[in-house]
Amino acid sequence: MGQPVESESGGVAQPELPPGQRVQRGWPVTHYGPVPKFRPERWEFRVFGATADGEKRCWTHEDFAALPYASVVADLHCVTKFSMIGAEWGGIPARAILEIAPPASEVTHVMVWAEYGFSSNLRLADFAAERTIFATHKDGELLTAEHGFPLRLVVPHLYAWKGPKWVRGVEYMTADRRGFWEERGYHNLGDPWKEQRYSYQEEPGDGPDL
Ligand SMILES: Nc1nc2c(c(=O)[nH]1)N[C@H]1C(S)=C(S)[C@@H](COP(=O)(O)O)O[C@H]1N2
Ligand SMILES: [Mo]
């Protein structure tokens with residue numbers, strides 16, 4: 001997905017995109033509100049809610065940045081119909097967080113929290129997916145401030161709003177609850193391959209009542 005494919009004639013075919021998306025040259029900046037200023041001494045990454053042992057976890061920026069580094073190649077699909085393809089994201093896989101700070105067995109969903117109270121809800125399985133990553137780098141370079149420095153979530157198989165920039169923590173939840181855009185008209189699940197763009201498309205069971 002998202003990688004150029006060698007066609008039989010030897011040409012390079014268009015990468016496969018979810019329905020209704022088109023490739024964006026360059027990398028636009030898309031978000032609601034101002035770009036937060038990074039203050040390392042005040043920054044912390046928190047895991048809270050229904051943890052297995054009932055305790056919260058907290059990392060300083062230094063400690064979080066020292067967690068094992070991994071990378072994934074993944075596309076960003078914005079619900080406004082542009083896709084940014086083939087970026088290499090480096091950082092800490094969400095799975096690593098689940099291992100270090102395990103959720104209680106009743107946990108079904110997570111809320112990913114960012115600066116200024118921005119949030120996005122994910123099913124635990126989407127958060128635990130192999131390629132879901134808390135990115136610190138893109139294409140080998142530190143993220144820029146407007147693209148989420150020092151940390152953003154990338155959930156390759158969902159629309160990009162499911163990946164908050166300027167992430168500050170994860171809440172383990174035993175029931176689903178809508179995040180920022182999911183309360184404001186966007187689909188609770190956000191699978192671009194199913195074109196789950198808007199909440200009016202939701203079917204029973206896709207999300208909590210609005
Ligand atoms: N904190 C925060 N993260 C956010 C958003 C936002 O409004 N606030 N918008 C999302 C949306 S809709 C998209 S398309 C991507 C855009 O990422 P980019 O600006 O790096 O291209 O960020 C996502 N993460
Ligand atoms: Mo978006």
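Counting convention: from 1, in listed order, for ligands and their atoms alike.
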query: Where is the nearest protein heavy atom to atom 24 (N) of ligand 1: which residue, which atom, and how far?
result: G163 O, 3.0 Å
query: Quick one: does ligand 1 sit under 4.0 Å from the side chain of W166, the backbone, both or neither, non-hydrogen atoms only?
result: side chain
- request: Please work out which of T30, T144, V167, V154 has its closest non-hydrogen atom nearest to atom 16 (C) of ligand 1.
  value: T30
- prompt: Where on W27 is there a heavy atom closer than 4.0 Å to ligand 1, on the side chain, on the backbone, on both, or on neither?
  reply: side chain
H77-F82 aromatic ring centre distance below 6.0 Å: no
message: As an exercise, identify every atom of ligand 1 less than 4.0 angstrom from a heavy atom of R152.
response: 15 (C), 16 (C), 17 (O), 18 (P), 20 (O), 22 (O)
- request: Between Y159 and ligand 1, find which residue part has any heavy-atom pair under 4.0 Å and reply side chain, backbone, both or neither.
  value: neither
field: Inter- and intrachain pairs under side chain to side chain donor-acceptor pair (under 3.5 Å), touching residues 33-46, at least two apart
entry: none
query: Given that the side chain starts at C-beta and the backbone is N, CA, C, O, which of these parts of M84 lies under 4.0 Å from ligand 1, counting heavy atoms, or is it both or neither?
result: neither
message: Return the closest protein heavy atom for atom 11 (C) of ligand 1 as residue, atom name and distance.
response: W161 CA, 3.8 Å
- prompt: Does the cation-pi check pass for R184 over Y186, that is, NZ or CZ under 6.0 Å from the six-membered ring centre and within 45° of its axis?
  reply: no
query: So which bit of F118 gets within less than 4.0 Å of ligand 1, heavy atoms only: side chain, backbone, both or neither?
result: side chain
message: Do V167 and V112 have side chains that approach each other closer than 4.5 Å (heavy atoms only, starting at C-beta)?
response: yes
message: Just to be sure I'm reading this right: ignoring hydrogens, which of K162, H147, R168 gets closest to atom 18 (P) of ligand 1? Compare them by their nearest heavy atoms.
response: H147
message: Among Y116, F118, W161, which residue satisfies the ring pair (Phe, Tyr, Trp, His ring centres under 6.0 Å) criterion with F180?
response: F118
task: Output, in order, the C-alpha distance, side-chain angles, deciding distance and verdict of side chain to side chain donor-acceptor pair (under 3.5 Å) for S83 and Q24.
output: CA-CA 6 Å; S83 292; Q24 174 78 39; over 6 Å; no
query: Taking the side chain as C-beta and beyond, is there a heavy-atom pair between L76 and Y159 under 4.5 Å?
result: no
- prompt: What atoms of ligand 1 come closer than 4.0 angstrom to any heavy atom of Y32?
  reply: 6 (C), 7 (O)
message: Could you identify the single nearest non-hydrogen protein atom to atom 19 (O) of ligand 1 and state the distance to 0.1 Å?
response: K165 NZ, 2.5 Å
- prompt: How about D191 and H157: does a side-chain donor come under 3.5 Å of a side-chain acceptor?
  reply: no
- prompt: What are the atoms of ligand 1, with element, lying closer than 4.0 Å to any heavy atom of V29?
  reply: 19 (O)
Ligand 1 atoms in contact with W181 (distance to a heavy atom under 4.0 Å): 7 (O)
Which atom pairs, one a donor and one an acceptor, fall under 3.5 Å between side chains of residues 85-111 and the rest of the protein, sequence neighbours left out?
unit_1: W89; atom_1: NE1; unit_2: A74; atom_2: O; d: 3.2
unit_1: R95; atom_1: NE; unit_2: A128; atom_2: O; d: 2.7

message: Same cluster or not: I133 versus W27, using hydrophobic residues (I, L, V, M, F, W, Y) connected whenever any side-chain heavy atoms lie under 4.5 Å apart?
response: yes
P28 N/O to ligand 1 N/O under 3.5 Å: yes
